[in-house]
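Input: a single structure, listed below in structure tokens.
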Amino acid sequence: MAYWLIKSEPSAYSWEQFKKDKKTQWTGVRNYAARNNLRDMKKGDLAFFYHSNVGLAIVGIAKVVKEAYQDPTTAEPAWLCVDFAPVKDLNKPVSLVQIKNDPILNNMDLVRLQRLSVGKVTEKEFVRLCELGEFAV
DNA sequence: GCCAACGTTGGC
DNA sequence: GCCAACGTTGGC
């Protein structure tokens, strides 16, 4: 089991919309580092859902329901997408400020690689985020 | 709205 | 293959 973090601007695709949809194709990734993370995802892996630009917080958790396949929004074979389904809300959103101020979390991909839209989350980071989000799997 | 970070492009 | 220019992302 691996853990991930996916970013979305609420104005483009929000957590609320995701919950309504019950399932979504995570398309449009055009960055190799992010693509590699998508490729490495396994069915059942969990991914934190982060609101960028507006919100600046992790608001929920999703799971991989379909592993990487050709991104249907492009003909270029280099690009992949996966399908996610929402699992649940965090009881308390975990803000970027909290993450930056937390000694366990301040080295996350999210902080270190600011522009990476699909990042890895370590087991330690996952456990800490569960604490701060008052969330249990 | 600004600007730093950083990935990509293209000339040489 | 290097590196300057440029575009995009995302926090502030």
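To find a chain, count down the sequence lines: A is the first, B the second, and so on, and within it residues start at 1.
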Parallel, tilted or perpendicular: which fits the ring planes of Y13(A) and F49(A), with parallel below 30° and perpendicular above 60°?
tilted
Which two nucleotides bound the region of DNA chain B that has atoms under 4.0 Å from heavy atoms of chain A, read 5' to 3'?
dA5(B) to dT8(B)
Applying ring pair (Phe, Tyr, Trp, His ring centres under 6.0 Å), which residue pairs with at least one partner in residues 58-79 of chain A are found, sequence neighbours left out?
Y32(A)-W79(A)
Centroid separation under 6.0 Å, is that true for the rings of F48(A) and F126(A)?
yes
Are D71(A) and R35(A) close enough for a salt bridge, meaning some N to O gap below 4.0 Å?
no
Would you call E131(A) and R128(A) a salt bridge, using N to O less than 4.0 angstrom?
yes
May I ask you to say what L113(A) touches in the nucleic acid, namely base, sugar-phosphate or nothing, with a heavy-atom cut-off under 4.0 Å?
nothing
